[in-house]
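Source: prediction; values computed, not measured. Naming: A, B, ... by sequence-line order, numbering from 1 per chain.
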2 protein chains.
Amino acid sequence: MTLADVAARARVSAATVSRVLSGNYPVAESTRARVLRAVDELEYVVNGPASALAAATSDLVGVLVNDIADPFFGIIAGAVQSEMGSAMGAESGRHGEKLAVICNTGGSPERELNYLTLLQRQRAAAVVLTGGAVEHPDHMAAVAAKASRLASSGTRVVLCGRPPIEDAVTLTFDNRGGARRLTEHLLTLGHRRIGYVAGPAERTTTRDRLEGHRAAMSAAGLDEGTQRLTVHGLYDRSSGYDATLELLRRDQALTAIVAANDTIALGVCAALRDQGLRIPDDVSVAGFDDLPFSADAVPALTTVRLPLHEAGARAGRLALGREPQPPGGVAMVRSELMARASTAPPRATK
Amino acid sequence: MTLADVAARARVSAATVSRVLSGNYPVAESTRARVLRAVDELEYVVNGPASALAAATSDLVGVLVNDIADPFFGIIAGAVQSEMGSAMGAESGRHGEKLAVICNTGGSPERELNYLTLLQRQRAAAVVLTGGAVEHPDHMAAVAAKASRLASSGTRVVLCGRPPIEDAVTLTFDNRGGARRLTEHLLTLGHRRIGYVAGPAERTTTRDRLEGHRAAMSAAGLDEGTQRLTVHGLYDRSSGYDATLELLRRDQALTAIVAANDTIALGVCAALRDQGLRIPDDVSVAGFDDLPFSADAVPALTTVRLPLHEAGARAGRLALGREPQPPGGVAMVRSELMARASTAPPRATK
DNA sequence: CTGTTAGCGCTTTCAG
DNA sequence: CTGAAAGCGCTAACAG
């Protein structure tokens, strides 16, 4: 079942069928109808690889995420994807639609590079890299190199939630500012002994949030001990749990714990409860991201809201070239403090 | 940068380079090395569309999910994808690797069909359909038709978590059995007035779980009222919240609420708390799926565990033809009751 | 507005 | 074991 078959049935040339299907060229209404009917009758579906080869571009858009099981990435990826299908009508066989494909790197630099190669091989129309980047120098150079190679071969490269690189449009997240305001909130409540559960050391997101926290602590003259009250782990629940136990070991008199994200914060809460400590009466807890479950946690989690859906949608539009690039190719996504019940003034008795 | 460039540099024919790269044909070790070096020096990356066209197959594997922001699907999709990259070595440019791409249908039948067409157009190597199917007759017929067309053109079709169809290998989930055991657990605790918050009416998952629940109620002679104490909504938190308010309106003396999944259960808990009801003292709550956050909820949520990661991984292997098909093309994934703190005997005073 | 004519870059018989 | 040659199905000038 090929274009030629359709052409024969519609009694036109293959070129005409191609023009009807891609819709980017004037075709007489009568012929167009005839072609469309033939397409229907034959249940013809364009051969993607063939057209990608001939046109030297494909309709694939790759979305790289660090962990698709984490709603943080699920929300962003879903939003990117929702921008692609907007015009998807009922008629099958037609094309012009982009196929956004989500690739799960698991946070591994090698897999990230591998997917980039895979997408380059597919001649993807665009690539969206989401979430914190790994800061290892070699890897950063490798990614930057791949990105410019992609860009120079016509693939649009969009970054969402990581630092800018050349040849890419970037949406950075206000991790530093948000983290800083969050810790300031705790400071304002009167906390002085604040533990921090950070993510993996080499991630940019981890570093930015930690810097924001430290900036707030420094400004309050609390450099001392801040270092000692920081524990690194993964961006998951069990790391939060373990880190909390470790923090408690280091300082029994802690009155607050800030987690690098909401998922970690969940683990922090679990550990605190298992230790017989009440939230926020004994220890205040705060997270970051404001994932859907955070507002429902008990007590509701104080956190920093990042408009993930909007950011993902915008990244998708940027990837399609449907939105003008921000000045300088970089735009920052603002974050917002969500003060809820998991944070309160420290107990006077402590 | 094409095969021909590499061939010229390695002083061999294009055919030889192709053979080295696909590795499915004997080539002298010395030439192979020469070719590989040329590939490296030129940073050559195979043109996917071109090779897909020539070979009439691509290395794309599509994974359709109803809602990628929901960890239920994130976990399955991540697991499918993790089976693909297993052999991904460091060398770029090489191929043979599959690219698993996740497509988010948002639960819309049209988008599901559209993605199927898109994947058919890409001549995908396999397609994995996950999660409950929409039971509208027309749509089921359309999906079945698409599936057999895909199958007949060499695309493997795998179903994960939905009822079997012809031309597809299927992994069904034990939704009915799990739901039944869950309600039995509540019955055993002494509950009689049990509310049920179901998912969207037309989903197979919704129906199966509801049937399991009703079967348990019937067996206990509790048909009466079961119908009245069932409310349908979406598989999300706010539906659970609203449904709970509605249930309470219908029967103030409810002692337990079963939710069609954990996310809904979260909303149920929130509503109950907002109404000043304690869990499980006043009302017991149960969910389904055992997502990661469920064990951490307060109180820990009683639910039915589905081995999502294993199921997804198996679906991935099936899609790659790396695992023998189960007898009859259908295998059932067992579920397991996880009795936790959110369920307890009803208050004697009620 | 429509047809003709070349390829796009790779795979794969078929010879050697 | 390697090369030559014939497409895979579609698109994009270029005429008409």
Side-chain angles (χ1 to χ4, degrees), chain A residues 1-36 38-39 42-60 93-96 118 120-125 153-154, chain B residues 1-36 38-39 42-60 93-96 118 120-125 153-154:
Chain A
M1 190 55 38
T2 74
L3 242 205
D5 298 322
V6 178
R9 197 176 221 298
R11 313 169 104 270
V12 295
S13 72
T16 301
V17 178
S18 170
R19 295 196 264 250
V20 169
L21 260 19
S22 42
N24 51 11
Y25 209 83
V27 174
E29 193 42 59
S30 60
T31 24
R32 135 179 265 93
R34 203 140 35 87
V35 169
L36 253 19
V39 166
L42 266 33
E43 293 189 313
Y44 170 71
V45 173
V46 182
N47 182 315
S51 82
L53 172 58
T57 64
S58 85
D59 47 13
L60 275 185
R94 276 300 256 307
H95 56 184
L118 245 36
Q120 180 183 1
R121 177 154 98 213
Q122 301 295 333
R123 304 301 189 254
S153 67
Chain B
M1 188 57 37
T2 74
L3 244 205
D5 298 321
V6 178
R9 197 175 221 296
R11 313 169 104 271
V12 295
S13 72
T16 300
V17 177
S18 169
R19 295 198 263 251
V20 169
L21 258 21
S22 41
N24 51 12
Y25 208 83
V27 174
E29 191 45 56
S30 59
T31 24
R32 136 178 263 92
R34 205 142 33 88
V35 169
L36 253 19
V39 166
L42 265 33
E43 292 187 314
Y44 170 70
V45 173
V46 181
N47 181 315
S51 81
L53 172 58
T57 64
S58 87
D59 46 13
L60 276 184
R94 277 300 258 305
H95 56 183
L118 246 36
Q120 178 183 1
R121 178 154 97 213
Q122 300 296 332
R123 303 301 188 255
S153 69

Visitor: Closest to the A/Ala14 side chain: D/dT11, C/dT12, D/dT2?
Guide: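 My answer, after comparing the listed nucleotides, is D/dT11.
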Visitor: Need to verify one output field. Residue with the more 5' nearest nucleotide on DNA chain D, A/Ala52 or B/Ala50?
Guide: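 Nearest-nucleotide comparison on DNA chain D picks B/Ala50.
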Visitor: Working to the nearest 0.5 angstrom, can you tell me the gap between B/Gln122 CD and A/Gln122 CD?
Guide: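 Rounded to the nearest 0.5 Å, the CD-CD separation comes to 7.5 Å.
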Visitor: According to a strict under-4.0 Å criterion, is A/Thr31 in side-chain N/O contact with OP1 or OP2 of C/dT2?
Guide: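 Indeed, a polar side-chain atom of A/Thr31 lies that close.
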Visitor: Using whole Å, report how far CG of B/Asn47 lies from P of C/dG7.
Guide: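 In whole Å, C/dG7 P lies 18 Å from B/Asn47 CG.
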Visitor: Rounded to whole Å, please give me the gap between CD in A/Glu29 and C1' in C/dT2.
Guide: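 It is 15 Å, rounded to the nearest whole Å.
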Visitor: So, does B/Arg11 use its side chain to make a donor-acceptor pair with the main chain of B/Ala8 at under 3.5 Å?
Guide: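 It does not hold such a pair.
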Visitor: Of the listed nucleotides (C/dT2, C/dG9, D/dC1), which one gets closest to any side-chain atom of B/Pro26?
Guide: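 From the listed options, D/dC1 comes nearest.
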Visitor: Do the non-hydrogen side-chain atoms of A/Val20 and A/Leu36 ever get within less than 4.5 Å of each other?
Guide: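 Heavy-atom side-chain distance check passes, below 4.5 Å.
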Visitor: I need the CG-P distance between A/Leu53 and C/dT11, as an integer number of Å.
Guide: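 One finds 11 Å between P of C/dT11 and CG of A/Leu53, rounded.
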Visitor: Starting at the 5' end of DNA chain D and moving along, which residue's nearest nucleotide shows up first, B/Arg123 or B/Ser13?
Guide: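 Between the two, 5'-proximity favours B/Ser13.
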Visitor: Quick one: A/Leu3 CG to D/dA12 C1', roughly how many Å, whole number?
Guide: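 Those two atoms, CG and C1', are 13 Å apart.
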Visitor: Can you confirm whether B/Met1 sits close enough to B/Glu43 that some side-chain heavy atom of one is under 4.5 Å from a side-chain heavy atom of the other?
Guide: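 Counting from C-beta outward, B/Met1 and B/Glu43 never come under 4.5 Å.
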Visitor: Send over the distance from B/Arg19 CZ to D/dC1 C1', rounded to a whole Å.
Guide: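 So the CZ-C1' distance, B/Arg19 to D/dC1, works out to 8 Å.
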Visitor: Can you tell which of C/dG9, C/dT11, D/dC1 lies closest to the side chain of B/Ala28?
Guide: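 That would be D/dC1.
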Visitor: With a 4.0 Å cut-off on heavy atoms, is A/Val17 in touch with a base, just the backbone sugar-phosphate, or nothing at all?
Guide: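 Touches nothing.
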Visitor: Among D/dG3, C/dG9, D/dT2, which nucleotide sits nearest the side chain of B/Val12?
Guide: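 Between D/dG3, C/dG9, D/dT2, the one nearest the side chain of B/Val12 would be D/dG3.
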Visitor: Of all the choices, D/dA4, C/dC8, C/dT2, which nucleotide is nearest to the side chain of A/Ala54 once you look at every atom?
Guide: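 The closest nucleotide is C/dC8.
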Visitor: Ignoring hydrogens and angles, tell me if any N or O in the side chain of B/Arg34 forms a donor-acceptor pair with the backbone of B/Ala10 under 3.5 Å.
Guide: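 At least one qualifying donor-acceptor pair exists.
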Visitor: Please report the distance, rounded to the nearest Å, between OH in B/Tyr25 and C1' in C/dT11.
Guide: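 So the OH-C1' distance, B/Tyr25 to C/dT11, works out to 12 Å.
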Visitor: Return the nearest nucleotide to the side chain of B/Thr2; candidates are C/dG9, C/dT12, D/dT11.
Guide: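 Looking only at side-chain atoms, B/Thr2 lies closest to C/dG9.
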Visitor: State whether A/Thr16 places a side-chain N or O below 4.0 Å from either non-bridging phosphate oxygen (OP1 or OP2) of C/dG3.
Guide: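 It does, given that an N or O in the side chain of A/Thr16 lies less than 4.0 Å from OP1 or OP2 of C/dG3.
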Visitor: Take atom CZ of A/Arg34 and atom P of C/dC1, then tell me their distance rounded to the nearest Å.
Guide: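 Value for this atom pair: 15 Å.
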Visitor: Could you state the CE-C1' distance from B/Met1 to C/dC8, rounded to the nearest angstrom?
Guide: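 In whole Å, C/dC8 C1' lies 16 Å from B/Met1 CE.
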